[in-house]
Amino acid sequence: MDTNEQIALTQMRKSVEKLSSSTEGYGEQTLMRFLIARSMDPQKAAKMFSQWQKWRAEMVPIGYISDSEVADELEAEKIYLQGLSKNGHPVLILKANKHFSSKDQVQFKKFVVHLLDKTIASSFKGSEIGNEKLIAILDLQNITYSNVDARGLITGFQFLQAYYPERLATCYLLHMPQFFVAVWRLVCRFLEKATQEKIRIVRSEEEREEFIREVGEDVLPEEYGGRAKIVLLQDVAVNY
């Protein structure tokens with residue numbers, strides 16, 4: 001960590017205290033994520049960090065969302081957690097053809113937190129470093145209009161941007177049908193530039209081969225060109 005980063009961290013900590021919050025118990029790597037997300041502006045990073053703390057206290061009062069709180073969403077068996085990529089990032093897969101807009105938005109938001117927290121927790125043994133990132137794969141194969149949930153996608157990305165800054169390494173979109181292009185353009189209006197730069201739409205065979213190389217055959221399920229078996233999110237045990 002260079003001198004400028006250390007100065008920014010010190011200023012951020014002071015700004016957080018002025019907002020009646022505290023950085024005690026949080027390492028440099030965690031705080032750096034907020035600084036990077038706010039272009040190394042200590043005041044803006046402090047505000048984002050403080051808002052995140054308040055949100056966590058309200059949304060996740062015991063530190064995690066249990067399976068029982070999101071049972072309806074888990075029942076759809078649409079999320080898979082595949083282990084670590086070649087670069088050490090946990091790989092999360094969403095099969096969109098198994099997803100339908102939730103009638104219970106409170107539970108859906110808890111589910112987003114549940115899957116993100118569990119994915120991140122699966123990337124380390126012991127203590128969290130704070131700079132862990134994840135790879136998300138959105139599989140749009142065989143979707144119909146009934147599976148389209150722009151609000152759900154926007155919620156997911158907004159949670160990533162506001163409450164999981166710098167947690168996304170890459171998001172791959174596979175098998176995008178033509179009718180979904182307009183939906184995706186709508187979703188992109190709500191994405192920050194930094195988020196959009198991490199999204200890759202896999203269309204060509206060359207892009208598919210690059211996707212397999214970057215994620216790794218050992219972790220990708222066979223149906224995506226890898227050698228692994230697909231694993232449901234709820235079948236993965238983690239320590240929060």
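Keep in mind it's a predicted model, so treat the numbers as computed, not measured.
In Glu206, the CD atom is not crowded: 12 or fewer heavy atoms of neighbouring residues, nucleotides or ligands sit closer than 6.0 Å. For Tyr64, the OH atom is loosely surrounded, since the number of other residues' heavy atoms within 6.0 Å does not exceed 12. Within a 6.0 Å radius of CZ in Arg203, other residues, nucleotides and ligands contribute 12 heavy atoms or fewer. Residue Asp2 qualifies as enclosed at atom CG: its count of foreign heavy atoms under 6.0 Å is above 12. Around atom CD of Glu205, more than 12 heavy atoms belonging to other residues, nucleotides or ligands sit under 6.0 Å away.
Contact of the Tyr224 side chain with the Leu174 side chain is registered, since non-hydrogen atoms from C-beta on lie closer than 4.5 Å. Here the side chains of Ser50 and Lys47 are not in contact, with every heavy-atom distance at 4.5 Å or above. Looking only at side-chain heavy atoms (C-beta outward), Lys198 and Glu192 stay at 4.5 Å or farther from each other. In this structure, the side chains of Ile79 and Ile93 stay at 4.5 Å or more apart for every pair of heavy atoms. Looking at Leu232 and Leu81, their side chains never come closer than 4.5 Å, going by heavy atoms from C-beta outward.
When all heavy atoms of Val187 and Ala150 are compared, the closest pair comes out as CG2-O, 4.3 Å. Of all the heavy atoms in Gly63 and Arg56, the pair that sits closest is O-NH2, 3.6 Å. Shown here for Phe100 and Ser146, the closest heavy-atom pair between the two residues is CD2-O, 3.4 Å. The minimum heavy-atom distance linking Ala228 with Val219 is given by the pair CB-O, 3.5 Å. The two residues Ala96 and Ile143 make their nearest non-hydrogen contact at CB-CG2, 3.6 Å. Heavy-atom minimum distance, Glu132 versus Ile120: CB-CG2, 4.3 Å.
Thr30 places no side-chain N or O within 3.5 Å of a backbone atom of Tyr26 that could act as its donor or acceptor partner. Side-chain atoms of Lys118 do not come within 3.5 Å of backbone N or O of Tyr240 as any donor-acceptor pair.
By the 30° and 60° cut-offs, the orientation of the rings of Trp55 relative to Tyr163 is parallel. Between Trp52 and Phe49, the ring planes lie tilted relative to each other; the angle falls in the 30° to 60° range.
Lys95 and Glu223 are joined by a salt bridge, as a carboxylate oxygen and a charged side-chain nitrogen come within less than 4.0 angstrom of each other. Of the charged side-chain nitrogens involved, at least one lies within less than 4.0 Å of a carboxylate oxygen, so that Lys229 and Glu222 count as a salt-bridged pair. Ion pairing between Lys133 and Glu166 holds under the 4.0 Å rule for side-chain N and carboxylate O. For the pair Glu214 and Arg200, the salt-bridge criterion is met [side-chain N within less than 4.0 Å of a carboxylate O]. By the 4.0 Å N-to-carboxylate-O rule, Arg167 lies close enough to Glu128 to be salt-bridged with it. In summary, Lys14 and Glu17 do not engage in a salt bridge, as defined by a charged side-chain N under 4.0 Å from a carboxylate O.
For the residue pair Ser102 and Glu73, a side-chain donor N or O sits within less than 3.5 Å of a side-chain acceptor on the partner. Counted by atom type alone, Ser66 and Glu69 present one or more donor-acceptor pairs between their side chains at under 3.5 Å. Side-chain polar atoms of His99 and Lys78 form a donor-acceptor pair below 3.5 angstrom. Under the 3.5 Å distance criterion, with hydrogens and angles disregarded, a donor-acceptor pair is assigned to the side chains of Asp117 and Tyr164.
Note that CZ of Phe34 and CE of Met40 are 13.5 Å apart. Values are rounded to the nearest 0.5 Å. In this structure, CG in Asn97 is found 9.5 Å from CG in Leu140, a value given to the nearest 0.5 Å. With values rounded to the nearest 0.5 angstrom, Ile135 atom CD1 is found 10.5 Å from Leu92 atom CG. Here Lys98 contributes atom NZ and Asn142 contributes atom CG; the two are 11.5 Å apart, rounded to the nearest 0.5 Å. With rounding to the nearest 0.5 angstrom, the CE atom of Met48 is 8.5 Å from the CD atom of Gln161.
With ring centers used as reference points, Phe179 lies under 6.0 Å from Tyr145.
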For this session: Show the numbers, then the answer: is there a side chain to side chain contact (heavy atoms under 4.5 Å, CB included) between Val181 and Met176?
Result: CA-CA 7 Å; Val181 172; Met176 182 185 286; 4.1 Å; yes
Problem set entry | Worked verdict on Leu220 versus Ile212 for side chain to side chain contact (heavy atoms under 4.5 Å, CB included) | CA-CA 7 Å; Leu220 273 176; Ile212 294 171; 4.1 Å; yes
For this session: Please report the C-alpha distance between Asp139 and Tyr80 in whole Å, then the side-chain angles of each, then the deciding distance to 0.1 Å, and finally whether the side chain to side chain contact (heavy atoms under 4.5 Å, CB included) criterion is met.
Result: CA-CA 11 Å; Asp139 183 1; Tyr80 304 84; over 6 Å; no
For this session: Apply side chain to side chain contact (heavy atoms under 4.5 Å, CB included) to Met32 and Asn131, showing your working.
Result: CA-CA 8 Å; Met32 277 301 300; Asn131 62 351; over 6 Å; no
